[in-house]
**Student:** 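Dropping the structure in here first, questions after.
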Amino acid sequence: MPTKPDKNGFPHYMLKEIFDQPKGLEDTILPRVSLDPLELRLADQVRISPDELRQVRRINVVASGTSRHAGMAGQYMIQNLMHLPVDVDYASEFEYRNPLIGKGEITIVITQSGETADTTAAQRVAQSKGSRTIAISNVVDSTIAREADGVLYTHAGPEISIASTKAFTAQMTVLFLFAAYLARVRGELDDAALRGWIQELLGLPQKTATVLKSSRQCEKLAERYHDFEDFLFLGRAIHYPIAMDGALKLKEVSYIHAEGYPTGETKHGPNALIDEHLPVVIIATCDRNDPGAVVRYEKNVANIRQFKQQSAKVIALATDGDAEVEAIADHTIFIPQAPELLSPILEIVPLQLFAYYMTVKKGLDVDRPRNLVKSVMLE
Ligand code: BG6
């Protein structure tokens with residue numbers, strides 16, 4: 001039985017693993033990128049020839065829990081970097097929908113442990129239908145990794161706490177690396193764009209270290225909000241999966257009911273719930289270099305104003321220096337400037353910290369929440 005890693009002085013593995021993320025991202029990115037020569041080094045891991053990759057007509061993503069949220073962010077990354085449709089499925093639902101997949105497709109199976117039974121079964125279904133598979137796993141030589149055609153390991157280090165944190169940011173980073181590699185092979189990413197993305201990727205570990213400085217602010221928010229019984233997490237576009245995982249983290253460890261929702265959907269129902277009893281956590285960052293992000297930002301600001309009119313408490317994630325959101329939200333957590341497709345990797349960190357401190361405030365077992373296991377080995 002492998003011995004558990006040390007907590008490095010942290011009171012819980014969850015907090016240690018949240019603070020491990022700058023190193024995990026560095027170890028996941030550095031071996032795979034180079035500015036001179038300008039290249040992405042994934043071919044030996046993808047193990048599918050460039051010719052075959054150029055023929056691929058669709059990508060399927062299958063996973064469970066937090067890993068599926070990484071897959072949802074990956075869908076935005078792949079579909080924005082190249083013209084290739086991506087479907088994302090719950091591994092536990094995949095075979096039931098009789099997926100019409102086959103040759104000429106790649107199925108990406110994402111799993112921290114590499115042993116989750118639903119995801120193992122989904123990979124076997126995909127292969128039985130003729131699809132190639134690529135596993136993204138944090139455990140070397142795990143079942144899912146051994147059975148896949150290609151394997152992209154996340155080098156986040158051993159994850160002990162049941163709630164997945166550092167594997168999630170590493171999974172989204174690997175998905176972005178794979179999307180850029182595929183776009184490159186398919187001639188849809190030129191040198192200038194690739195150079196820009198590699199420079200942004202190389203900046204992620206330091207920006208994550210900067211976001212971790214919001215730890216004390218997240219602890220204060222937990223002191224303020226640990227008695228509330230319901231939360232709504234909101235995000236648009238690639239930020240929606242982050243809202244989903246922020247809600248999942250809070251549910252998993254603090255047993256507080258929380259829902260992740262696309263911000264634009266609130267007016268189609270959930271808005272009826274929003275008042276002084278339902279705090280809203282909204283992702284309202286903005287990449288000013290991305291016209292679509294600016295349009296979404298304007299809508300988010302309007303939403304925050306409306307939620308305030310309904311007496312809701314609003315906790316907002318905003319991009320560094322954003323005085324407008326800070327002026328209208330009850331609490332604002334600042335996120336370093338980053339491109340729209342990479343900003344989610346930074347945005348989840350304060351939501352992980354918030355869930356952690358809410359759980360500590362409630363005196364619960366942070367690393368071993370009730371009724372959950374690290375890897376569900378039974379379907
Ligand atoms: C659950 C864990 O058992 O499985 C979650 O509690 C995790 O944190 C989910 O996201 C999926 O696990 P894996 O290992 O397949 O990513």
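Please read these numbers as outputs of a predicted model, since none were measured by experiment. Just so you know, ligand 1 is whichever comes first in the structure, and atom 1 is the first atom listed for that ligand.
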**Student:** Using a plain distance cutoff, I'd like to know if Lys249 has any nitrogen or oxygen under 3.5 Å from a nitrogen or oxygen of ligand 1.
**Tutor:**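 No - when backbone and side-chain N and O of Lys249 are compared with those of ligand 1, no distance drops under 3.5 Å.
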**Student:** Check the hydrophobic clustering (I, L, V, M, F, W, Y; side-chain heavy atoms under 4.5 Å; chains of links allowed) and say if Val88 and Val125 are grouped together.
**Tutor:**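 Different clusters: Val88 never reaches Val125 through Ile, Leu, Val, Met, Phe, Trp or Tyr contacts under 4.5 Å.
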**Student:** For atom 7 (C) of ligand 1, what is the nearest protein heavy atom, given as residue, atom name and distance?
**Tutor:**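 Residue, atom and distance for the closest contact: Thr66 N, 4.2 Å.
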**Student:** Tell me if a side-chain donor or acceptor on Thr116 pairs with a main-chain N or O of Thr119 at a distance below 3.5 Å.
**Tutor:**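 No; zero donor-acceptor contacts below 3.5 Å.
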**Student:** Is it true that Glu115 lies under 4.0 Å from ligand 1, counting heavy atoms only?
**Tutor:**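 Outside the 4.0 Å threshold, so no.
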**Student:** Looking only at protein heavy atoms, which one is nearest to atom 11 (C) of ligand 1, and how far off is it?
**Tutor:**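 For atom 11 (C) of ligand 1, the nearest protein heavy atom is Ser64 O, 3.5 Å.
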**Student:** Is the shortest N/O to N/O distance between Thr111 and ligand 1 below 3.5 Å?
**Tutor:**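 Thr111 vs ligand 1: N/O contact under 3.5 Å present.
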**Student:** Shortest non-hydrogen contact from His83 to Arg186?
**Tutor:**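 Between these two residues, the closest heavy atoms are O-NH2, 4.4 Å.
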**Student:** Taking 4.0 angstrom as the limit and counting only heavy atoms of Ser164, give me the atoms of ligand 1 inside it, by number and element.
**Tutor:**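 This gives 8 (O) as the contact atoms.
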**Student:** Between Glu347 and Thr285, is there a side-chain donor-acceptor contact under 3.5 Å, judged purely by atom types and distance?
**Tutor:**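 Per modelled atom types, Thr285 and Glu347 side chains form a pair under 3.5 Å.
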**Student:** With a 6.0 Å cut-off on the ring centroids, do Phe10 and Tyr356 count as close?
**Tutor:**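 No - the distance between ring centres of Phe10 and Tyr356 does not fall below the 6.0 Å cut-off.
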**Student:** Could an N or O of ligand 1 be found under 3.5 Å from any N or O of Val373, whether backbone or side chain?
**Tutor:**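 The answer is yes, given that Val373 and ligand 1 share an N or O pair closer than 3.5 Å.
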**Student:** Are Met72 and Ile110 connected in the hydrophobic side-chain network, where two residues link if heavy atoms are under 4.5 Å apart?
**Tutor:**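 Yes, same cluster.
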**Student:** With respect to Gln21, which candidate in Lys166, Glu26, Gln352 satisfies the side chain to side chain donor-acceptor pair (under 3.5 Å) definition?
**Tutor:**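 Output: one option passes, namely Gln352.
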**Student:** Out of all atoms in ligand 1, which are within 4.0 Å of some heavy atom of Val376? Include the element for each.
**Tutor:**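 Every atom of ligand 1 under 4.0 Å from some heavy atom of Val376: 3 (O).
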**Student:** Suppose we measure from atom 16 (O) of ligand 1 to each protein heavy atom; which comes out shortest, and what is that distance?
**Tutor:**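 Of every protein heavy atom, Ser67 OG, 2.6 Å lies nearest to atom 16 (O) of ligand 1.
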**Student:** Can you find an N or O of Glu252 that's nearer than 3.5 Å to an N or O of ligand 1?
**Tutor:**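 By distance alone, the answer is yes.
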**Student:** Which atom pair, heavy atoms only, marks the closest approach of Pro336 to Val211?
**Tutor:**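 Shortest heavy-atom separation between Pro336 and Val211 comes out as CD-CG2, 3.3 Å.
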**Student:** If you measure every N or O of Ile162 against every N or O of ligand 1, does any of those distances drop under 3.5 Å?
**Tutor:**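 Yes, since at least one N or O of Ile162 sits under 3.5 Å from an N or O of ligand 1.
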**Student:** Measure from the ring center of Tyr225 to the ring center of His331 and say whether it is less than 6.0 Å.
**Tutor:**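 Centroid separation for Tyr225 and His331: below 6.0 Å.
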**Student:** Measure the distance from atom 4 (O) of ligand 1 to every protein heavy atom, then report the residue, atom name and distance (to 0.1 Å) of the closest one.
**Tutor:**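 The closest heavy atom on the protein side is Lys374 O, 4.0 Å.
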**Student:** I need the nearest protein heavy-atom contact for atom 12 (O) of ligand 1: residue, atom name and distance, please.
**Tutor:**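 Ranked first by proximity to atom 12 (O) of ligand 1 is Thr116 OG1, 3.5 Å.
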